[in-house]
Every structure is written in C-alpha cells, then in structure tokens.
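The structure appears right after this line, and notes come after that.
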Amino acid sequence: DACASDSLEGQGDKSAEPSSSSSPSLKNDDAANANTADEATQQIISKPEANTMAETFSKILSQCKDSKAALQSCSSEEECNRAFMGMTVCAGQYMCPLQHKSLLETLDSVSGSDVDGEVAEAKINVAMEVLGECVAKYDKRAGMAKKQHEDVFEKVTAHKS
C-alpha cells in the first residue's frame with residue numbers, strides 16, 4: 001500500500017517546512033546537523049530492528065488516523081502547525097515513549113499550578129521540542145531501515161492494512 005507512509009515527515013512536508021515559527025528546531029535541525037544526517041545514512045540497521053520500526057509505524061498508522069487526516073487536509077499555516085504538532089504527539093507515544101511521557105508530565109505540572117504563564121509556555125515548548133527532535137530522528141532512522149529492509153516494512157504494513 002503506497003499510502004502506508006514512508007515517514008511522518010513525508011505526511012507533513014507541505015505543512016512542516018513553512019511552519020518554522022512555532023518549532024525552529026525542526027527546520028534548523030536539517031541544516032545544523034547535516035553531518036549527523038550523513039553519519040546516520042551510513043548506519044546499518046538490523047532486520048529485527050527494522051521489524052520493530054515497521055511495527056511501530058503500523059501502530060502509528062492505525063492509532064493516529066485523525067492526526068494524519070488533519071495533517072493531510074490542513075490549509076492554513078496555523079492549522080498545519082497544529083496538525084503537525086498533533087501528529088508529533090500522537091506518533092511520539094510510540095516512537096519516543098520517554099519524551100512523550102515527559103511532555104505529558106510537563107503539561108500536568110503546569111496546569112492548575114501557580115506557574116507564571118510565560119514559564120509554563122517555555123517548559124511546554126522545551127518538552128515539545130525534545131519530543132519533536134526525537135520523533136524526527138526516529139523517522140529518519142526508520143526511513144533508512146525501510147530502504148535497507150523494504151520487504152519487512154511491506155510485510156508488516158500489508159498485515160495491518
């Protein structure tokens with residue numbers, strides 16, 4: 001199934017690029033870490049690891065349908081930013097559970113507390129940025145895994161479709 005999503009980035013390319021205002025790390029990450037990406041493309045990914053990534057993507061495809069649909073149908077920059085954030089949070093629970101948990105704990109700690117609004121927003125932004133960077137790195141690595149073990153991804157996504 002061609003729609004079985006090569007990557008999260010691919011799902012949001014039309015909206016993710018122009019939206020650097022709300023998450024500068026996503027855009028600057030590519031330029032600033034070009035040599036990190038070069039190192040990453042040289043990594044060999046084992047078949048079991050590729051299988052785990054394929055299973056993760058399969059879970060994301062089935063559990064994050066609403067977020068994916070919002071990302072594919074957004075029309076304004078603001079709407080696309082929200083959709084991209086929603087997809088990042090949804091996918092993050094599977095790709096980066098520790099960072100996802102940290103974001104949820106941050107949200108819990110600032111809601112209903114006496115924390116200054118700006119401080120609360122800064123804490124949430126940092127937690128979101130950490131999650132976003134983790135998801136982007138996982139997504140890149142999964143893209144490499146798919147190139148190296150396309151059969152694994154096709155088999156896993158075919159069973160879940």
Side-chain angles (χ1 to χ4, degrees), residues 3-41 43 45 49 52-146 153 157 160:
C3 201
S5 173
D6 300 88
S7 75
L8 293 179
E9 258 175 29
Q11 294 171 13
D13 275 347
K14 68 175 180 161
S15 61
E17 285 300 285
S19 65
S20 61
S21 58
S22 68
S23 54
S25 66
L26 293 178
K27 189 159 180 107
N28 296 341
D29 209 31
D30 294 338
N33 296 327
N35 47 349
T36 308
D38 291 342
E39 290 169 23
T41 55
Q43 292 177 353
I45 295 169
E49 187 179 4
T52 300
M53 289 179 177
E55 290 284 349
T56 298
F57 268 91
S58 182
K59 280 183 203 158
I60 291 166
L61 288 174
S62 64
Q63 300 299 314
C64 301
K65 286 180 182 163
D66 292 345
S67 298
K68 182 181 177 187
L71 194 57
Q72 290 174 329
S73 65
C74 63
S75 53
S76 70
E77 185 173 338
E78 185 181 338
E79 188 183 1
C80 290
N81 283 338
R82 273 197 309 270
F84 188 71
M85 197 177 300
M87 188 67 192
T88 299
V89 172
C90 186
Q93 65 188 312
Y94 303 103
M95 294 175 155
C96 306
L98 182 66
Q99 291 82 350
H100 183 265
K101 182 178 179 215
S102 176
L103 173 65
L104 295 182
E105 288 171 352
T106 301
L107 290 169
D108 282 347
S109 75
V110 298
S111 68
S113 71
D114 295 337
V115 178
D116 174 52
E118 285 182 27
V119 172
E121 188 177 341
K123 286 182 173 189
I124 293 167
N125 286 343
V126 167
M128 187 66 200
E129 190 172 312
V130 168
L131 178 63
E133 286 175 8
C134 178
V135 167
K137 285 178 185 167
Y138 189 102
D139 194 45
K140 265 189 188 138
R141 198 156 160 70
M144 290 185 297
K146 185 170 183 181
F153 277 77
T157 54
K160 305 284 178 170

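All values below were derived from every heavy atom in this structure, side-chain atoms included, with hydrogens, water molecules and symmetry-related copies excluded.
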Practice task
Could you tell me whether a side-chain N or O of Thr106 sits under 3.5 Å from a main-chain N or O of Ser102, the two making a donor and an acceptor?
Solution key: yes
Handout entry: Glu79 side chain vs Ser75 backbone, donor-acceptor pair below 3.5 Å
Key = yes
Exercise for the section: Could you walk me through whether Glu105 and Lys101 pass the salt bridge (charged side-chain N to carboxylate O under 4.0 Å, His left out) test, one step at a time? Expected result: CA-CA 6 Å; Glu105 288 171 352; Lys101 182 178 179 215; 3.6 Å; yes
How many angstroms lie between atom [atom1] of [X] and atom [atom2] of [Y], to the nearest 0.5 angstrom?
| X | Y | atom1 | atom2 | result |
| --- | --- | --- | --- | --- |
| Asp116 | Glu121 | CG | CD | 10.0 Å |
| Lys68 | Ser62 | NZ | OG | 11.0 Å |
| Asn125 | Leu103 | CG | CG | 10.0 Å |
| Met95 | Cys134 | CE | SG | 8.5 Å |
| Lys140 | Gln43 | NZ | CD | 11.5 Å |

Taking side chain as C-beta onward, heavy atoms only, is [X] less than 4.5 Å from [Y]?
| X | Y | result |
| --- | --- | --- |
| Arg141 | Met144 | yes |
| Met87 | Cys64 | yes |
| Lys123 | Val119 | yes |
| Thr88 | Met128 | yes |
| Leu131 | Cys96 | yes |
| Tyr94 | His100 | no |

Handout entry: Salt-bridge contact Glu55-Lys59 (side-chain N to carboxylate O under 4.0 Å)
Key = no
Handout entry: Intermediate values then yes/no, side chain to side chain contact (heavy atoms under 4.5 Å, CB included), Asn81 and Met85
Key = CA-CA 6 Å; Asn81 283 338; Met85 197 177 300; 5.8 Å; no
Exercise for the section: Determine, step by step, whether Glu129 and Glu133 satisfy the side chain to side chain contact (heavy atoms under 4.5 Å, CB included) criterion, reporting the C-alpha distance in whole Å, the side-chain angles of both residues, the deciding distance to 0.1 Å, and the verdict. Expected result: CA-CA 6 Å; Glu129 190 172 312; Glu133 286 175 8; 3.6 Å; yes
Handout entry: For Phe153 against Met53, the heavy-atom pair lying closest together
Key =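 For Phe153 and Met53, the tightest heavy-atom pair comes out as CZ-CB, 4.0 Å.
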